[in-house]
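Here is the structure we will look at, set down as structure tokens.
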Amino acid sequence: MNQHVEPQTRPGPEVLSITGGEAMARMILAFEGGDIFGMGGFQLLPFYDAARRLGLRHHLINDERAGIFAADAYAKVSGRVGLVDGTLGPGATNLVTGLMEALNAGTPMVVLVGDTHRAHSWKNMTQECRQVDVLRPVCKELIRVEMVSRIPELMRRAFAVATTGRPGPVVIDVPEDVSHAVHAFPVEEFEVDPIYGAAPALRTRPEAAGIARAAEMIAAAKSPVILAGGGVHLSGAAPSLTAFARRFNIPVAHTLSGKGAIPCADPLSAGLFGRYDRIANPLIEESDLLIVVGCKLGEIATKRYTIPSPGKAVIHLDCVAEEFDRSVRASVKLWGDALLGIADLDAALAPRQAQLSQRWAARPAEITARMDAWREKVSERLNSNETPIDIARLLTEINAALPADGYLVADGGFAAHWGGLLFNAPRAGRAFVPDRGSASIGYGLPGAIGAALAAPKAPVFALTGDGGFNMMLGELETARRLKLDFTVIVINNAASGYVKALQHLMYGQGAYQSSDLSEIDYAAVATAMQCRGIRVERPQDLAAAFQEALLPCGGPTVIDVVVTRDPARMLPGVDSRTVQIKPGDRIA
């Protein structure tokens, strides 16, 4: 039976007689939605048919987890709403981990999910489950569509909720009969406010009194430090924050998600702080004022709530009031957009700019000297010639090879922490794309797909462990089908490395359980899937491999890097700090 319905007009006010599925497609078009990732099912077939006819950029993926990870990275890189669809039951439940990532990371996303025909619900329909109950806790809002006529209204709400406040994912749950039903929609129903196509759609300023108090605290400080989180990127505030820091000579440390709040090569960049750091943690302890911008100060950033030490003066600027005092008490709470908050602080301090800049004039040279000393201290590992390859040397070569306009997508676990510690983001803005909302393993390859589609002219590297790559191998087919040129760098240690390293640290040499993987040549796997595969076993071959990977080949490149098998050298870090473990501690 042909389910296609031609748009029809009636005399009088113009109407479109179309299916609910097509109404959803037309609303995405109205918001100028970008690439969509999904795997179809009967419930959403009218949406797929409309996508074909209307020219939506819809991409079949091989696993819904990959689709939502790709949409997450697409949104992180582009700032626009990530778009995903999934079918009933297992299609919906496969979205849970990616929804958790988007919710915790503040990623704007609209997710269409098919549901059962309401006339037959709860009669053991195929794949039926209580998916609304499953999905609701991991999204910013879940909207159940009960009337086909309300689709335009509810799609407008979904985009508005996804892009305002702290951005996040909104799920549209669409019963089969609503998706397939035909309704006469007035044409004006498909008019939208285009600001809701990207985040932040709306901005709010912190109250003037709070800005004034914060300015006074900054003006009275002896050694302030800025702590920048991922909210800086959600607000698009990195260039403004960099300019503010330079104007007043205030050092900037960042979280994993906040990397790029200031270019890593800037004399004021103190690098990563928290569980792993270069010079930032001591700098924080020496500071008498911390200016926290767009940062939730969670477990990783605070080194399990031990940084900063109690009693520090803190100014906290965030668009979500619930984050204030959650883990670190703030002296001044600035509730508002990071970009506007920085601008207001800058204006409030402008009359004293020359005086304050002079007071802290020595800070850039001080930070540079500390960073140079750190590099000298750890240079043996950063430039290691050992075989198998030291992961620190791998990051050194990535820094040298990735062009200044490139992106490094980092999978969960090792990849994110090593990348967060050692990758040198070259510009003010998001060049480092980790999945820190859920820290899920498996993000690297699909994240690279999303980043490559969001920035088609920019080089994209993805850093992933062999365990994460195993989860998503099938998406090499997706990338090849889409003819996407990007590079996946596999940290091949034949282990679930983080777990094995922690077992080694906690229980000693040889005390490993369920943490070893098979030795696999991932370059050969890539070649078998008609992608470019390069295997690297010696550090001196890394540079040539990266240069080859940057040459277009009409599909993805996999660089299989054989790294250390020594669990004592796997944990992210390059120095020799002594670790003391007490019962119940988590030190990495």
Side-chain angles (χ1 to χ4, degrees), residues 76-79 224-274 276-281 283-284 291-295 301 317 338-339 342-343 345-346 357 360-375 378 382 392 395-410 416-434 436 451 455 457-461 463:
K76 283 185 168 86
V77 170
S78 70
V225 173
I226 295 170
L227 305 182
V232 171
H233 296 309
L234 296 177
S235 177
S240 296
L241 180 61
T242 297
F244 177 81
R246 290 171 176 170
R247 194 147 34 243
F248 293 96
N249 288 318
I250 302 176
V252 179
H254 60 77
T255 64
L256 289 164
S257 299
K259 180 178 283 289
I262 189 171
C264 287
D266 194 283
L268 288 165
S269 174
L272 185 68
F273 72 94
Y276 302 106
D277 76 310
R278 302 186 188 191
I279 65 169
N281 290 355
L283 197 70
I284 290 169
I291 307 166
V292 180
V293 182
C295 177
L317 169 59
L339 180 66
I342 292 165
L345 283 174
D346 198 351
S357 178
W360 302 315
R363 301 306 297 280
E366 174 198 347
I367 299 303
T368 299
R370 291 190 185 206
M371 197 66 80
D372 288 346
W374 174 84
R375 290 192 185 95
V378 303
L382 293 177
L395 265 296
T396 296
E397 297 296 337
I398 289 174
N399 283 330
L402 186 62
D405 62 340
Y407 292 89
L408 179 64
V409 178
H417 287 282
W418 275 105
L421 178 63
L422 296 181
F423 175 59
N424 290 326
R427 59 188 184 273
R430 200 196 290 271
F432 183 59
V433 188
R436 297 312 303 167
K457 296 182 179 179
V460 173
F461 283 3
L463 192 63

Contact summary for [X] and [Y], nearest pair of heavy atoms:
| X | Y | answer |
| --- | --- | --- |
| Ala416 | Ala410 | CA-CB, 3.8 Å |
| Trp374 | Leu382 | CZ3-CD1, 4.4 Å |
| Ser357 | Asn249 | O-ND2, 3.0 Å |
| Val409 | Ala451 | CG2-CB, 3.9 Å |
| Leu339 | Gly236 | CD1-O, 4.2 Å |
| Cys295 | Leu227 | CB-O, 4.3 Å |

Legend entry - Side chain proximity check, Arg375 to Arg278, heavy atoms < 4.5 angstrom: yes

Inset, instruction - Using a 4.5 Å cut-off on heavy atoms from C-beta on, say whether the side chain of Arg370 contacts that of Leu283. - result: yes

Could you pull out every donor-acceptor pair under 3.5 Å between side chains of residues 255-272 and any protein atom, sequence neighbours left out?
residue : atom : partner : partner atom : Å
Thr255  : OG1  : Ser257  : N            : 3.4
Thr255  : OG1  : Gly258  : N            : 3.0
Lys259  : NZ   : Gly420  : O            : 3.0
Lys259  : NZ   : Phe423  : O            : 2.7
Asp266  : OD1  : Leu268  : N            : 2.9
Asp266  : OD2  : Arg246  : NE           : 2.6
Asp266  : OD2  : Arg246  : NH2          : 2.7

Interatomic distance, [X] atom [atom1] to [Y] atom [atom2] [nearest 0.5 angstrom]:
| X | Y | atom1 | atom2 | result |
| --- | --- | --- | --- | --- |
| His233 | Leu241 | NE2 | CG | 9.5 Å |
| Leu402 | Leu463 | CG | CG | 11.0 Å |
| Asp346 | Ser240 | CG | OG | 8.5 Å |
| Thr396 | Leu422 | OG1 | CG | 6.5 Å |
| Leu408 | Ile398 | CG | CD1 | 6.0 Å |
| Ile279 | Ile284 | CD1 | CD1 | 10.5 Å |

Inset, instruction - Go through the structure and list residues passing salt bridge (Lys or Arg N to Asp or Glu O under 4.0 Å) with Arg427, not counting sequence neighbours. - result: none

Legend entry - Backbone of Phe273 reached by a side-chain donor or acceptor of Asn281 within 3.5 Å: no

Inset, instruction - Look at the side chain of Arg430 and the backbone N and O of Lys76, then say whether any donor-acceptor pair between them is shorter than 3.5 Å. - result: yes

